[in-house]
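Side-chain atoms are counted along with the backbone in the values below, which use heavy atoms only and exclude waters and symmetry mates. Quick note: residue numbers are just sequence positions, from 1.
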Amino acid sequence: MAAANPWDPASAPNGAGLVLGHFIASGMVNQEMLNMSKKTASCFVNFTRLQQITDIEAEIYQKNLEIELLKLEKDTADVVHPFFLDIWYICWNWL
């Protein structure tokens, strides 16, 4: 028999599960009460959404930097083109 994986939360009951099981067994709460309280906390939903927005904004910023770099390469391509460098070299040699 394989040992339980300590990193897998489903492999062993945790403290909260044991306490809830005890409360259900004693009759303090029932399954319907637990099902009613089973909502996703809005702070975690907002945190996830905020993380997605931050990731998208970072990607947009990265793309804008790449576009700026391409524009800079396009603007300077004429200046560093070998044809223009040859002309510049020829002009300076005649002086």
Side-chain angles (χ1 to χ4, degrees):
M1 183 169 169
N5 183 357
W7 300 108
D8 185 14
S11 66
N14 58 15
L18 293 173
V19 169
L20 286 175
H22 178 70
F23 287 160
I24 290 173
S26 68
M28 291 178 68
V29 293
N30 57 20
Q31 191 63 42
E32 291 82 27
M33 293 170 76
L34 293 176
N35 289 341
M36 286 182 357
S37 66
K38 187 178 177 183
K39 292 191 299 186
T40 305
S42 62
C43 64
F44 295 118
V45 172
N46 290 335
F47 179 75
T48 303
R49 187 172 296 147
L50 183 62
Q51 184 66 37
Q52 290 172 345
I53 290 171
T54 304
D55 292 344
I56 291 171
E57 286 175 345
E59 186 176 345
I60 290 170
Y61 181 73
Q62 181 67 31
K63 294 298 179 186
N64 284 336
L65 288 176
E66 290 174 8
I67 289 171
E68 187 176 334
L69 182 62
L70 289 172
K71 285 179 182 177
L72 184 62
E73 287 179 7
K74 179 184 169 242
D75 292 343
T76 59
D78 292 338
V79 177
V80 295
H81 191 275
F83 174 75
F84 292 107
L85 291 176
D86 286 343
I87 290 176
W88 181 83
Y89 181 74
I90 290 170
C91 288
W92 277 101
N93 280 334
W94 283 24
L95 291 177

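- Phe47 and Ile53 fall into different hydrophobic clusters, where Ile, Leu, Val, Met, Phe, Trp and Tyr are joined by side-chain heavy atoms under 4.5 Å apart, directly or via other members.
- Think of Tyr61 as one node in a network of Ile, Leu, Val, Met, Phe, Trp and Tyr side chains linked at under 4.5 Å; its network also takes in Leu65.
- Every residue was checked against the side-chain hydrogen bond (donor to acceptor under 3.5 Å, both in side chains) condition with Glu59, not counting sequence neighbours, and none meets it.
- Every residue two or more places apart in sequence or in another chain that forms a side-chain contact (heavy atoms from CB on, under 4.5 Å) with Glu66 is listed here: Gln62, Lys63.
- Cluster partners of Leu72 are absent, since no Ile, Leu, Val, Met, Phe, Trp or Tyr has side-chain heavy atoms less than 4.5 Å from it.
- For Asn64, there are no side-chain hydrogen bond (donor to acceptor under 3.5 Å, both in side chains) partners two or more places apart in sequence or in a different chain.
- Residues near Leu50 contribute nothing to a hydrophobic cluster around it, because no ILVMFWY side-chain heavy atom sits closer than 4.5 Å to its side chain.
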